[in-house]
Amino acid sequence: MKMDFDEDDLSSFTDLDDNGFPVSSSVDVESHGEEVEGEMSLPVGDVCSSTSDFAIDFYLSGTNWSELVRDEGDEVPKNGEKVKKALVQRDLFQVWGISKSSKRPGVSNPSTPKKRQRSVIDDFASGSALVGERKGAECNGRSRPHSCPFYKKIPGTSFTVDAFRYGAIDECSSYFLSHFHYDHYGGLSKKWSHGNIYCTDLTARLLRSCLSVNPQYIFPLEINAEHVIEDIKVTLLEANHCPGAALILFRLKDGKCYLHTGDFRASKSMQLYPSLANHHINLLYLDTTYCNPKYSFPSKDDVLAFVVRTTLKFLSKQPKSLIVVGAYSIGKEPVYLAISQALGVPIYANASRRKILQSFGWPDLSKKLCSCTESSPLHVLPLSCLRYENLKEYLKTCKQQFQTVLAFRPTGWTYSERTASHLDLIRPVIKGDVTIYGVPYSEHSSFTELREFVKFLKPEKIIPTVNAGNAANRARMQSYFKEWLKV
DNA sequence: GCGATCAGTT
DNA sequence: CACAACTGATCGC
């Protein structure tokens, strides 16, 4: 496989703009000085006025940025020289999914534009970017697999992170998987053959047991240890997300140091990770899921305590209650572990979930699992089952044992300013003998946790990996970053 | 019938 | 009300 990225990839760009996006020239990137207050909206034009063409294009478009190329006639940069010319899309219409047959008025010419077409850009900037992309992709009559977005690639390497749904990625020989959630491993199956997969040992087991990925491609990496892969030092760190989730630190030969957070919940204890405390981070790929001050929620411990005391209180009034906790495949285990602990009861889970939970290799969890619904008043069910009708039916199946259901739906964030600081203000939905609590047990960082993490890490540049699909969000997050990194 | 992708759900 | 993270339906072969 050809290994140089220089011709048409981003890794040859050593300069990054204020947002961590590569710049292709010495365009002025001076600050435009706005401070962000709450929900203020930044006009797109302002954001672009001081950034490179590359960043302009990024801000105004959807998220498929891997197809940016240097304009024809550009020369490969020589040592010490910066590329002078702007980048252009190979084919804006194709990349953004607007085809000949598009129903959009005024977009009938699919020929490769050499310059950005304002009318099209405006459509995207006005918020229809992702919709347009999706619709466009299918109105060809056949859906084209999207190409890997640049923010999943690690510059100066042949590495990608959480990029399995794009088939074989040009110039990528090592595929990192941050954790075992569908939106990150999507594309992995027993047919995977595009390259080596690196992940934690726990994630590796899940790839084998749940997805039947061919073990010859799976390379588990011990956590907290430095590994050398293709001449690059790689360290996985506990991400405080779901079991097996890792932050990934890359240290390149040229001294550059990049941290990809995957999905994570920033915590104070991360400031004690030696590899984070001791290395200057040039570029941070940040899980920006809740990068907005409106997202505020309690610590996990506070939520666990709330769940336990709510359960005990409920049981004191309704001793013959079934306790149900909703959960996706993996994640949120501490919620039912805490209840199990407090009540001294085992945890019922169906066979497929037991298989997954057993594979964690956590003795404390494994020994609490039971396979018979009658063996415990504590059941773990798919989140999709936590609806009144389902739970009512479920209760009927064990009516002789239980009279009521108390269910917890651990979501990332519940829409209520008040419950953020006052858990006891959370009100359940009660219908007949079914009571359902939504609890803000989050495995992503809150806004303030993100801020503290970034202020600690002081990365040179930040690339948001979540909610970066529309220009307004990117502009807003960019302003937060600028504020946090002010000296 | 199967895997990939999209649309819908909580 | 927003989210993450599915799950089920549809599509192309």
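Sequence lines set the chain letters: A, B, ... in the order given, protein chains first and strands last, and positions in each chain run from 1. On a predicted model such as this, the values are computed, not experimentally measured, just so you know.
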- prompt: For the side chain of A/Tyr295, counting heavy atoms from C-beta on, which of B/dA4, B/dT10, C/dC3 is nearest?
  reply: C/dC3
- line: To the nearest angstrom, the CE-C1' distance between A/Met477 and C/dC3 comes to 14 Å
statement: The nucleotide from C/dC6, B/dT10, C/dA5 with an atom nearest the side chain of A/His241 is C/dA5
message: Using the ring centroid of each side chain, check whether A/Phe176 and A/Phe250 are separated by less than 6.0 Å.
response: yes
field: Distance, rounded to the nearest Å, where A/Leu383 contributes CG and C/dA2 contributes P
entry: 18 Å
query: Within a reach of under 6.0 Å around NZ of A/Lys268, are more than 12 heavy atoms found that belong to other residues, nucleotides or ligands?
result: no
- prompt: For A/Thr289, which contact category applies under a 4.0 Å heavy-atom criterion: base, sugar-phosphate, or nothing?
  reply: sugar-phosphate
message: Under 4.0 Å from OP1 or OP2 of C/dC6: is there any side-chain N or O of A/Ser329 that close?
response: yes
query: Which of these nucleotides, C/dA5, C/dT7, C/dA4, is closest to any side-chain atom of A/Asp263?
result: C/dA5
Nearest-nucleotide pick for A/Lys294, side chain only, options being C/dT7, C/dA2, C/dA4: C/dA2
Length of the CG-C1' vector between A/Leu386 and C/dT7, whole Å: 15 Å
field: Matching residue for A/Asn240 among A/Arg265, A/His444, A/Lys300 - test: side-chain hydrogen bond (donor to acceptor under 3.5 Å, both in side chains)
entry: A/Lys300
message: Measure CZ/A/Arg409 against P/C/dC6 and give the value in whole Å, please.
response: 14 Å
Atom pair distance, as rounded to whole Å: CZ in A/Arg265 and P in C/dA4: 15 Å
field: Side-chain ion pair, A/Asp183 and A/Arg165, N-O less than 4.0 Å
entry: no
task: Nearest whole angstrom, please: distance from the C1' of C/dC6 to the NZ of A/Lys332.
output: 13 Å
message: If you apply the rule ring-ring contact (aromatic ring centres under 6.0 Å, His included), what do you find for A/Phe159 with A/Tyr198, and how did you get there?
response: CA-CA 10 Å; A/Phe159 298 170; A/Tyr198 297 91; 7.3 Å; no
Review item, side-chain donor-acceptor pairs of residues 333-341 of chain A, under 3.5 Å, at least two apart:
from: A/Glu333; atom 1: OE1; to: A/Gly331; atom 2: N; distance (Å): 3.3
from: A/Glu333; atom 1: OE2; to: A/Gly331; atom 2: N; distance (Å): 2.6
from: A/Ser340; atom 1: OG; to: A/Val345; atom 2: O; distance (Å): 2.6
from: A/Gln341; atom 1: OE1; to: A/Lys368; atom 2: NZ; distance (Å): 3.1

message: If you assign A/Ile330 and A/Asn473 each to the DNA chain C nucleotide with the nearest heavy atom, which residue ends up on the more 5' nucleotide?
response: A/Asn473
statement: Separation of B/dT10 atom C1' from A/Leu381 atom CG, nearest Å, is 14 Å
- prompt: Any Lys/Arg nitrogen of A/Lys396 or A/Glu393 sitting under 4.0 Å from an Asp/Glu carboxylate oxygen of the other?
  reply: yes
- request: Taking only heavy atoms on the protein side, list every residue of residues 174-186 of chain A lying under 4.0 Å from any atom of DNA chain C, sorted numerically.
  value: A/His181, A/Tyr182, A/Asp183
task: Can you tell me the distance, in whole Å, between the OH atom of A/Tyr166 and the C1' atom of B/dA4?
output: 14 Å
